[in-house]
Amino acid sequence: MRYSEMLLPTGRETPSDAEVISHQLMLRAGMIRKLSSGIYSYLPLGYRVIKKVEQIIREEMDRAGGQEVFLPAVQPAELWIESGRWQFYGKELLRLKDRHNREYCIGPTHEEVITDLIRNEIQTYRQLPINLYQIQTKFRDEIRPRFGIMRCREFGMKDAYSFDADDAGAELSYKKMFEAYSRIFSRCGLSFRPVEADSGSIGGSFSHEFLVTADSGEDGMVYCTSCDYAANLEKAEVARPEERHIDESEFLPLEEIYTPGVRTIEEVSAFLDVTTQDIVKTLIFSADDSTIAVLIRGNEEINEIKLKNYLGCDSLELATDDIVHEVTGAPKGFAGGIGIKSEIIADYSLINMRNFVMGANKKDYHIKNCNTGRDFKIRDFADLRIIGVTDTCPRCKSPIKFARGIEVGHVFKLGTKYSKAMKATFLDKDGKEKYMVMGCYGIGVGRTVAACIEQNNDEDGIIWPFSIAPYHVLITPVNIRNEELLSMAEKLYDNLGRRGIEVLLDDRDERAGVKFKDADLIGIPLRITMGPKKLAEGKVEVKFRKSGEVREIPFDEVEDFVVQAVEKRVMSNE
RNA sequence: CGGGGCGUAGCGCAGCCUGGUAGCGCGCUUGCUUUGGGAGCAAGAUGUCGCAGGUUCAAAUCCUGCCGCCCCGACCA
């Protein structure tokens, strides 16, 4: 491609509404333009990168036994009513009506469509397993799109669905996808980590997120410094502590203390001159239609996902002030375990606590020297908190570390949730009709590109890995008015193109400085600079964007040099 | 949905408080000079001042309503 003919509007200024580096650079490098909140157009340079990532995905999905399909973006409401999600998906599902007033949605995901297809086409175990995937534009009406291409409403996604005859088969399918994903993200030149994730409302089974490590990531993760345990913060388990022997003689007598207007853990801690670890926090939740009190040590945070999973409820939220008053007989801020009119569950952090402080369920009072068992009953202890810096690995007890990441992929073992709801059955060897066991596997294509930029940039711009760079090589004749220079550049451009190298020729009538700045910004991995002085010696310069290394190569050798350099680096995911 | 901010040329912004009919930098066009890290000089083009009402002789500026965008939070995959 000739730069002079390409729509490649680079910009010097950072657009004011771009927060994260990948968004800024994608705008400045002329890769994307925003049409509306969370809705973007891809310009030629940006789309080339998207296609590169898609191609890697296709190759690896095919290699793992996937078959590519293309499913409708617009889906009839009936399917979603059948799966039950028309009701539960909420406002994120963009719904619309056609001229006959029939209801549709724009697919945020395709479990319904694929399950419908498969139930009609698959009758016997002989046709299983099967894995179908597509690369499609999805729409999720996010409450708050942000970070440019990272959290969009409209976005390109690869989604795959596996159907197996039994659980063991489904686990094998899952494992294959897990491995394919690892290869895909490695080939994209990303530093990433698969972490255990919550399988949440989709039900049972298990799930992994692929997180690209980046400080700007929206997801927190924790990983073990010794074994290979890694999980996102929602999921990360906290081990049950060993119970110390209870010697009831240690128990001190209860003591009610006047604590006017003292409500938060910090206030109580300061007022009574105790540490936050000596206090028990009592949180009142409304879970579906019931109310439950949850106790946790003062310095810890509740993990609502864990709580929701533990309770097995559909909705969970902190109780309203009215309910708090009803259950505790006091305004917010003085709840405690003693005398509360609801069931009580407690986080493991309470197990070895003695003589702690709690709210008194009475306005302006707290109680000292509370003890579980002696003073009140707890229905159950469970892992209900967010893992913290002082915790250790739940598997091997080694120290853990925290990091942030961008979720670029998610693999999910679905089980039979959809096949049951939509009656996707097959006839097994034993002549019995059974539900197919499903898995689903997503990759955010645009997000993968953004994540790559987050990991590969410097003050001058993007630094593409060879594997997904929009072009491998940029030829920069320093002055196109020098006809000899230009014609030699064009010759090199033609020859490299013929040998399968993707080349961009900067044939613009611009000053060298402008070309260099744009070259660094758009991040092409190799730049061949052709200037009159070096060319008089029969040489050109080859500069590697990533390392900054500059090699002077004789003009008649540069073609071979570049071909070899590109091939070597594409193969090694550099 | 709650809180905050912004909307003026393609991009980044000033002007608004104190009304008088719009400006700066970059970019763009033309010419000359320059030519290895975002050139210099000269001459130019480009605006429903987000939209709709209102106040006023007069509104980018004051008032009301709406829309859009961004940030924080809550929510959700």
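Chain naming here is simple, since letters A, B, ... match the order of the sequence lines and numbering starts at 1 in each. Note: hydrogens, waters and symmetry copies are ignored here, and every other heavy atom, side chains too, is used.
- For A:H410, the listed nucleotide lying nearest its side chain is B:A77; candidates were B:G36, B:A77, B:U35.
- Residue-to-nucleotide contacts include a donor-acceptor pair under 3.5 Å from the side chain of A:D520 to the base of B:G37.
- The aromatic rings of A:Y181 and A:Y441 sit perpendicular, their planes meeting at an angle over 60°, well past the 30° parallel limit.
- In this structure, A:R151 atom CZ and B:G73 atom C1' are separated by 14 Å, rounded to whole Å.
- Across the protein-nucleic acid pair, A:D198 atom CG and B:A77 atom P stand 10 Å apart, rounded to whole Å.
- Side-chain to base pairing of A:E13 with B:G25: one donor and one acceptor N or O lie within less than 3.5 Å of each other.
- Rounded to an integer number of Å, the gap from CD of A:E92 to C1' of B:A74 is 14 Å.
- Between A:F210 and A:F192, the two ring planes are tilted [angle within 30° to 60°].
- Counting distance only, with no hydrogens placed and no angle test, the side-chain atoms of A:E541 and the base atoms of B:G36 include a donor-acceptor pair under 3.5 Å.
- Relative orientation of the A:Y42 and A:Y47 rings is tilted, given thresholds of 30° and 60° on the angle between their planes.
- Using a 4.0 Å heavy-atom cutoff across all strands shown, A:K34 reaches sugar-phosphate atoms only and no base atom.
- For a distance-only test at 3.5 Å, the side chain of A:K543 qualifies as a donor-acceptor partner of the base of B:G37.
- One interatomic measurement links the two molecules: CD1 of A:I302 to C1' of B:A74, which rounds to 18 Å at whole-angstrom precision.
- Across all strands shown, B:G38 forms no Watson-Crick or G-U wobble pair with both distances under 3.5 Å.
- If you take atom C1' in B:U33 and the same atom in B:U18, they sit 47 Å apart, rounded to whole Å.
- The aromatic rings of A:H208 and A:Y174 are tilted relative to each other, their planes meeting at an angle between 30° and 60°.
- Within 4.0 Å (heavy atoms only), A:R33 reaches no atom of the nucleic acid at all.
- Dashed line: the shortest gap from a side-chain N or O of A:R146 to OP1 or OP2 of B:C72 is under 4.0 Å.
- Between the side chain of A:H110 and the backbone N or O of A:P72, at least one donor-acceptor pair lies under 3.5 Å.
- Only the P atoms considered, B:A60 is 13 Å distant from B:U48, to the nearest whole Å.
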